[in-house]
Amino acid sequence: MRARRMSSGLTVGVGWRLSDDLDPEQREVCKLLERDPARLGPGQLTTLRRHFAARIKSVRAQAPEKPYRELLAEVLDYRQWRVFAFTLHRPGGVSEPLTRARHSQLSGGEQSVSLHLPLFAAANALFGSARPGAPRLLGLDEAFASVDDNGRGELMSLAKQFDLDLFMTGYDLWATHPAVTGCAHYDLSHSTVEHAVSTVLLVWDGTVNVADFDGTLAAALGSPSTRTVASHA
């Protein structure tokens, strides 16, 4: 995420820090768990055993019918001990927590990018665990709503940096930005008179948007060239 800069030079980082809800004893235990077990002394190991024995006893008293395996899974669920925290990094090495209040002070484009950046990064991490030839398709409904044209271009550039293939729906949504090397648009038009929806394919090649009126481009993209005709009762 830190390698993907906004046009203003800002970057967003994500950290995995201890939750504010932990008490002092839980914080001490979490810090011990981060250390090499081989380097823990007898007193520190005793602290760990005492803490988890007390936690198991407490949870078991609250739910005596719960299977022991589920009980241990609840006590040892480290996701309850930590939270994701986002940081805003400015050019020159200045950093600050990206809180809701700070996020509201950003420009509209920066707000949208800072929200989509973690989502794109998460998708990239998930796709990175798949086989090299697996699709990297990400679907967005009402994509980039309330984002101006410059902001949309920046978001599409960000998706390209993460090597994501976007499948998007939206009103007045066009991927005709220099950062996009190729895109197929389907412009839908609904006729209330004929009770039908007609489509026009427009292909962006990185420079111009070409309309397909004879099916040539659709065939080149692998379309089966089928149409669904409404039946009349």
Could you pull out the closest heavy-atom pair between P118 and M1, with the gap in Å?
CG-CE, 4.0 Å
Which is it for W174 and H185 under the ring-ring contact (aromatic ring centres under 6.0 Å, His included) test, yes or no, and what are the steps along the way?
CA-CA 7 Å; W174 298 93; H185 304 87; 5.0 Å; yes
Shortest non-hydrogen separation from R17 to A85 and the atoms involved:
NE-CB, 3.4 Å
Just verifying a value: how many Å separate N124 CG and L119 CG, rounded to the nearest 0.5 Å?
12.5 Å
What distance separates L10 CG from L117 CG, expressed to the nearest 0.5 Å?
11.0 Å
hydrophobic_cluster_shared for F52 and V59, side chain cutoff 4.5 Å:
yes
Gap between atom CG of D205 and atom OG1 of T176 - 0.5 Å precision:
11.5 Å
Here the pair of heavy atoms bringing F120 nearest to L155 is CE1-O, 3.6 Å
Is there a donor-acceptor pair under 3.5 Å between the side chain of Q26 and the backbone N or O of D23?
yes
Quick check on R69: does its CZ atom have over 12 non-hydrogen neighbours (other residues, nucleotides or ligands) under 6.0 Å away?
no
I'd like to know if the side chain of H51 and the backbone of T47 have a donor-acceptor N/O pair within less than 3.5 Å.
no
L45 CG to L32 CG distance, which is reported to the nearest 0.5 Å
8.5 Å
How close do A175 and C183 get, counting heavy atoms only, and between which atoms?
CB-SG, 3.6 Å
Flag yes if more than 12 heavy atoms outside R27 fall under 6.0 Å of its CZ atom; otherwise flag no.
yes
Applying ring-ring contact (aromatic ring centres under 6.0 Å, His included), which residue pairs with at least one partner in residues 74-104 are found, sequence neighbours left out?
W16-F84
Which heavy atom of L217 sits nearest a heavy atom of D212, and at what distance?
N-OD1, 3.3 Å
According to salt bridge (charged side-chain N to carboxylate O under 4.0 Å, His left out), does anything in residues 136-161 pair up with another residue at least two apart or in another chain? List the pairs.
R136-D163
Could you check whether any side-chain N or O of E110 sits under 3.5 Å from a backbone N or O of S107, counting only pairs where one atom can act as donor and the other as acceptor?
yes
CD (E70) and CD (E65) are apart, to the nearest 0.5 Å, by 9.5 Å
Nearest heavy-atom approach of V12 to S114 is CG2-CB, 4.1 Å
